[in-house]
Structures are given as C-alpha cells and as structure tokens.
Protein chains: 2
Amino acid sequence: MGNESGQNFQRRHQQIPLAVIKRLPVYHRYLSDLHQKEVARISSSELAAKIGITASQLRQDLSWFGSFGQQGYGYRVDELLREVSRILGLNQNIGMVLVGAGRLGRAIIHYANFKRRGFHTKAIFDNNPEIVGQIIDGIPVYDISELENYLKNHSIQIGVITTPATVAQEVADRLVRSGIKGIWNFAPVSLKVPDDVIVEHVHIGESLMVLSMKLQQRKASGPDS
Amino acid sequence: MGNESGQNFQRRHQQIPLAVIKRLPVYHRYLSDLHQKEVARISSSELAAKIGITASQLRQDLSWFGSFGQQGYGYRVDELLREVSRILGLNQNIGMVLVGAGRLGRAIIHYANFKRRGFHTKAIFDNNPEIVGQIIDGIPVYDISELENYLKNHSIQIGVITTPATVAQEVADRLVRSGIKGIWNFAPVSLKVPDDVIVEHVHIGESLMVLSMKLQQRKASGPDS
DNA sequence: CCTTTTTTGTTAAATATTTAACAATATTAG
DNA sequence: CTAATATTGTTAAATATTTAACAAAAAAGG
C-alpha cells in the first residue's frame with residue numbers, strides 16, 4: 001500500500017504545474033474506461049502506453065498528489081479513479097448558470113449535464129424575450145436582468161458564458177460582481193477578471209486555426225517527413 | 001523593413017514548438033482587433049502587454065517564421081496580421097464535412113461558418129433518417145452511408161466529428177480511409193489515426209474538469225494565496 | 001547631417017518540464 | 001522461507017521553453 005494512502009491532498013507546497021493539471025482529465029477518462037471494462041489493476045507503464053505518454057511522466061504527475069500505487073503490483077483502477085476524481089473535484093456537486101441560450105449554449109447544457117456528473121446547470125439567462133420563460137432540458141430560462149438577483153439567492157459556483165463575443169466581458173463583469181469565482185468561457189475573447197476568479201476558456205476557433213496551420217505545415221514540408 | 005520581409009515561411013528547419021503554434025491564433029485575434037480599430041502600428045512590448053505575455057516571447061515566437069518588424073518602429077498591424085493569417089493557413093479556402101448533426105454539430109457549423117473565413121462546411125452526414133435530407137444553415141444533410149462516395153467526388157480537407165463518443169473512432173477510420181488528413185474532433189475520445197493524419201481535439205469536458213480542479217485547489221489553499 | 005531614442009531579431013541565461021535511472025519494497029514462484 | 005521479479009516513488013539528467021540582455025539598425029529630433 002502507498003506510504004500515505006492518498007490521505008493528503010497535494011503533498012508539496014509548490015504550485016502544481018499547469019501541464020500536470022491538464023493531463024489529469026485525460027487520466028480520468030482512461031481510468032473510467034478501464035473501470036467500466038472491469039479491469040482491476042494496471043501498471044504505470046500499461047496505462048501510459050494506452051494514453052501515449054511515458055510511464056515516468058504518469059508516475060511523476062501522480063506524485064504531486066500522493067502515493068496511490070503499490071510496488072510490484074501497480075495501481076488498483078477503482079482506487080486510482082476515485083483519487084483522480086477527488087483531485088478533480090468531481091466528488092462534489094457544483095452549481096452552474098449559463099448565460100446565452102443560443103445554439104452553442106444549448107449544446108453545452110446537454111453536454112455538461114449528461115456527460116459529467118456533479119455539474120448541475122440550475123438556470124439559463126438570455127436577453128431574447130422569445131426564449132425567456134422557456135424550459136430547456138428541464139432548466140428554466142430567465143431574463144438576463146434577473147442574473148444578479150438569482151445569484152444572490154442560490155449557491156452557484158460556475159458561470160458559463162456562451163454569448164456573442166461582444167457582450168461576454170460585460171457578462172463576466174456581472175458574474176464577478178455577484179461573487180462567482182469560476183467562469184467557463186466559450187466566447188472568443190480573453191476575459192479580464194480579478195486574480196481570485198478562475199477562467200477556463202474553450203478555444204474552439206483557435207483549435208481550428210491550429211489544425212489549419214498544422215495541415216499547411218505538413219503540406220509545405222512534404223507529406224513524408 | 002524586415003531583412004527578409006517574410007518571403008520565407010519557417011526560417012529554420014527544426015520543428016516549430018507546439019507552444020508557439022498554440023499562441024499564434026491568439027496573436028491573430030489581437031491583431032484582428034487592432035486592425036478593426038484602425039491601429040496602424042504596434043511594438044512587441046505593447047502587444048505583449050495586451051495579450052499578457054512578455055515582449056521577448058512574442059518576438060521569439062515570430063522569429064520562427066521570419067522578420068516582420070522594423071527596428072525603432074515596431075510592427076505594421078496590417079502587415080503582421082496578413083503574415084500571421086498566412087502562417088495559420090487562413091488565406092486559402094478549406095473544405096470541411098461534418099459528421100453528427102446533433103446540437104453540438106449544429107452549433108459548430110454556425111460557429112465555424114460565421115466566425116472564421118476560409119472554412120467552408122460543404123456537407124453534413126448523420127444516421128438519423130429524420131434529419132437526412134434537411135438543409136441546415138444552407139448545408140445539405142446526407143446519410144452517413146454516402147460519406148465515402150461524397151469524399152471521393154469533392155475536395156475536402158477537414159472532417160469534423162460531433163458524433164457520440166461511441167462511434168467517433170469508426171467515423172474517424174472512415175474519414176481516414178477516404179483520404180482526409182485533418183480531423184477536428186469534439187467527441188471525448190482519443191482517436192487513433194495514422195501518423196500522416198492530424199487530429200485537433202476540442203477538450204470541452206476536460207476543460208470543465210480543469211476549472212473544477214482549480215476552484216477546489218483555490219478553496220483548499222486559502223482564498224488569499 | 002549627426003545624435004539620441006526606440007525597438008527589433010538573436011544569442012545566452014534562467015526556468016520548467018520531461019525522461020531516465022534506481023533504491024526500496026511488495027508480490028510471486030519455488 | 002528465500003530468491004527472483006515487478007513496479008513504485010523519487011532523485012538526477014536531459015530536454016524544452018521562457019526570459020533577459022544586447023548589438024544592430026531604423027526613426028525622430030534637432
């Protein structure tokens with residue numbers, strides 16, 4: 001058994017590298033898969049091979065959070081999945097509101113609600129009178145003017161912005177003023193927020209540009225290299 | 001004027017770091033903004049400050065592709081925007097097909113078509129008979145069985161996957177067999193493709209987990225640190 | 001026309017991340 | 001019970017990325 005059995009969260013007091021943080025959801029996905037397939041144990045080298053990284057990196061990453069494996073045996077899939085879930089904060093319920101009930105907003109509600117447990121979209125806000133009052137996926141749509149009032153009376157941790165880019169900053173400001181500390185932003189703008197607010201930006205357009213660029217590079221440098 | 005005036009694409013023969021590639025779309029966005037505001041010139045330090053990086057990094061990044069600035073003057077916004085667009089491959093028309101006409105698919109078509117020039121979704125494929133035959137945003141929806149035949153007869157560079165995770169790999173295989181070299185994947189699976197095919201994965205769920213984790217960390221280590 | 005200022009592109013130093021190596025230890029096999 | 005094998009967590013080395021420093025050169029000001 002690991003020497004500290006994962007009792008402690010984040011062993012060292014240094015800041016965890018962003019590169020490590022970004023790999024954790026990937027580990028979670030693969031571990032979920034294995035768990036579903038009822039695989040009981042896996043070694044760092046097997047798991048790393050599946051993911052396409054080195055075993056060293058996997059062990060190094062995990063070591064930021066504790067010791068979850070057993071020498072000579074490897075990791076128990078269910079235990080490691082539980083630990084990674086805990087590290088990711090997936091063991092608690094998180095309340096969200098979504099601003100911008102356009103196509104992307106509707107798609108995200110669906111995605112977020114069905115795919116990931118623990119994240120609950122409690123309310124939707126929009127400025128279109130034709131949408132306000134509707135119920136989308138079981139979630140009520142309120143007028144954007146109600147935003148501050150709603151947030152005052154409900155426990156919400158994350159605000160999701162799926163508005164046009166032009167109003168995203170204004171929405172962010174309003175969320176921040178109402179005490180929201182986490183913003184999941186789909187609008188293609190870099191939001192300016194205070195230091196104590198965390199923004200995760202989903203870079204849809206940027207991702208397509210990266211693909212376009214890589215294709216162009218590949219073409220330029222010869223298809224065989 | 002820069003000593004080589006950007007005549008050459010990618011000066012050195014080394015591989016361009018992924019970290020650099022990922023920043024280029026950000027540069028593009030800020031330069032577009034400046035261009036729209038009719039700003040004519042900008043120095044590396046001004047632009048870097050806006051973006052929130054160091055001037056050194058900006059100049060270092062650009063130097064991978066050529067010399068676009070002028071000592072004592074800075075960069076001409078229109079020229080640099082043109083160069084960055086060219087590097088990103090935004091100056092050419094790119095044909096795309098989208099597989100999976102669900103909510104996310106429809107949102108992406110809208111997003112990709114309206115927001116970014118150069119990318120044209122030519123056809124949509126789905127297996128739902130109720131959707132097949134429809135026209136979405138001016139784009140015809142065909143039965144998924146038509147995919148290979150369509151790709152044989154049209155010039156398509158990118159396949160977009162917005163199907164459920166369960167069928168994403170199968171769709172990817174079919175795209176690859178039809179000669180597609182670029183895949184823009186929204187399904188939460190790591191696609192296995194040959195080395196000459198480029199996959200860009202939009203990590204929607206993973207991004208939410210990262211946000212969740214950062215919130216949890218912030219909470220744990222005290223709101224003031 | 002000359003001097004001062006600005007700002008680039010690049011070389012070098014500092015920092016961060018990844019990979020390799022290995023001692024420690026649990027498991028397995030005989 | 002002992003020896004051989006497997007595999008972790010961690011320390012050290014290698015690699016990559018970021019930042020700083022600065023010579024070169026253009027622009028601005030007199």
Side-chain angles (χ1 to χ4, degrees), chain A residues 1-8 10-24 26-27 31 39-77 79-80 83-84 87, chain B residues 1-8 10-24 26-27 31 39-77 79-80 83-84 87:
Chain A
M1 201 52 57
N3 61 334
E4 308 187 34
S5 296
Q7 284 313 304
N8 58 338
Q10 193 177 331
R11 214 176 53 245
R12 308 165 205 203
H13 275 281
Q14 255 184 291
Q15 174 79 23
I16 293 166
L18 186 60
V20 173
I21 291 180
K22 286 208 270 199
R23 279 189 293 268
L24 285 173
V26 180
Y27 300 162
L31 288 167
V39 176
R41 80 160 266 287
I42 196 159
S43 68
S44 60
S45 39
E46 282 176 281
L47 181 52
K50 275 185 191 293
I51 296 174
I53 61 174
T54 63
S56 207
Q57 181 163 67
L58 177 56
R59 293 203 301 273
Q60 185 89 262
D61 284 356
L62 292 177
S63 83
W64 281 93
F65 304 98
S67 305
F68 310 121
Q70 255 173 289
Q71 284 145 326
Y73 178 82
Y75 301 88
R76 294 177 50 114
V77 171
E79 190 184 314
L80 189 55
E83 292 292 348
V84 172
I87 293 165
Chain B
M1 203 51 58
N3 62 333
E4 307 187 35
S5 298
Q7 285 310 305
N8 58 338
Q10 192 177 333
R11 214 175 53 246
R12 307 164 205 204
H13 274 281
Q14 255 183 290
Q15 175 78 21
I16 293 167
L18 186 61
V20 173
I21 291 180
K22 286 208 269 201
R23 280 190 292 268
L24 285 173
V26 181
Y27 300 162
L31 287 167
V39 176
R41 78 160 268 289
I42 195 159
S43 68
S44 60
S45 39
E46 282 177 281
L47 181 53
K50 274 185 190 294
I51 296 173
I53 59 173
T54 63
S56 208
Q57 181 164 66
L58 177 56
R59 294 204 300 275
Q60 185 89 265
D61 283 356
L62 292 177
S63 84
W64 281 93
F65 304 98
S67 306
F68 309 121
Q70 256 173 289
Q71 283 145 326
Y73 178 82
Y75 301 88
R76 293 178 51 115
V77 172
E79 189 183 315
L80 189 55
E83 293 292 348
V84 172
I87 293 164

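Throughout, protein chains are lettered first and strands after them, A, B, ... in sequence-line order, and every chain is numbered starting at 1.
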Report summary line: Between B/V20 and B/W64 the two heavy atoms that sit nearest each other are CG2-NE1, 4.0 Å

Report summary line: Taking every heavy atom of B/L31 against every heavy atom of B/V77, the minimum-distance pair comes out as O-CG1, 3.8 Å

Query raised in the report: Who are the side-chain contact (heavy atoms from CB on, under 4.5 Å) partners of B/E46, not counting sequence neighbours?
Result: B/R41, B/I42, B/S43

Query raised in the report: Could you give the distance from OH (A/Y27) to CG (A/L47), rounded to the nearest 0.5 Å?
Result: 8.0 Å

Query raised in the report: How many angstroms lie between CD1 in A/I87 and CG in A/D61, if you round to the nearest 0.5 Å?
Result: 10.5 Å

Query raised in the report: OP1 or OP2 of C/dG9 less than 4.0 angstrom from a side-chain nitrogen or oxygen of B/Y75, does that happen here?
Result: yes

Query raised in the report: Within less than 4.0 Å of OP1 or OP2 of D/dA27, is there a side-chain N or O belonging to B/R41?
Result: no

Report task. Could you tell me whether the side chain of B/Q71 has a donor or acceptor atom within less than 3.5 Å of a complementary atom in the base of C/dT7? Result -> no

**Report entry** A/V84 and A/F68: CA distance, side-chain angles, deciding distance, side chain to side chain contact (heavy atoms under 4.5 Å, CB included) verdict
**Finding:** CA-CA 10 Å; A/V84 172; A/F68 310 121; over 6 Å; no

Report summary line: Contacts of A/S44 meeting side-chain hydrogen bond (donor to acceptor under 3.5 Å, both in side chains) (sequence neighbours excluded), chain-then-number -> A/R59

Query raised in the report: Listed in order of residue number, which residues of residues 42-51 of chain B have a non-hydrogen atom at under 4.0 Å from DNA chain C?
Result: B/S43, B/S44

What N/O pairs connect the protein and nucleotides 28-30 of chain D at under 3.5 Å? Give each pair on its own line.
none

Report summary line: Expected string for nucleotides 13-22 of chain D under the B/S/- scheme (protein heavy atoms, under 4.0 Å, primed atoms plus P, OP1, OP2 as sugar-phosphate) is ----SSBBB-

Query raised in the report: Please give, in whole Å, the distance from C/dT25 P to A/F68 CZ?
Result: 19 Å

Query raised in the report: Do B/Y75 and B/E79 pass the side chain to side chain contact (heavy atoms under 4.5 Å, CB included) test, and can you show the C-alpha distance, the side-chain angles, and the key distance before you say yes or no?
Result: CA-CA 8 Å; B/Y75 301 88; B/E79 189 183 315; over 6 Å; no

Per-pair distances, 0.1 Å, donor-acceptor, side chain in residues 48-56 of chain A, under 3.5 Å, sequence neighbours excluded:
from	atom 1	to	atom 2	distance (Å)
A/T54	OG1	A/Q57	N	3.1

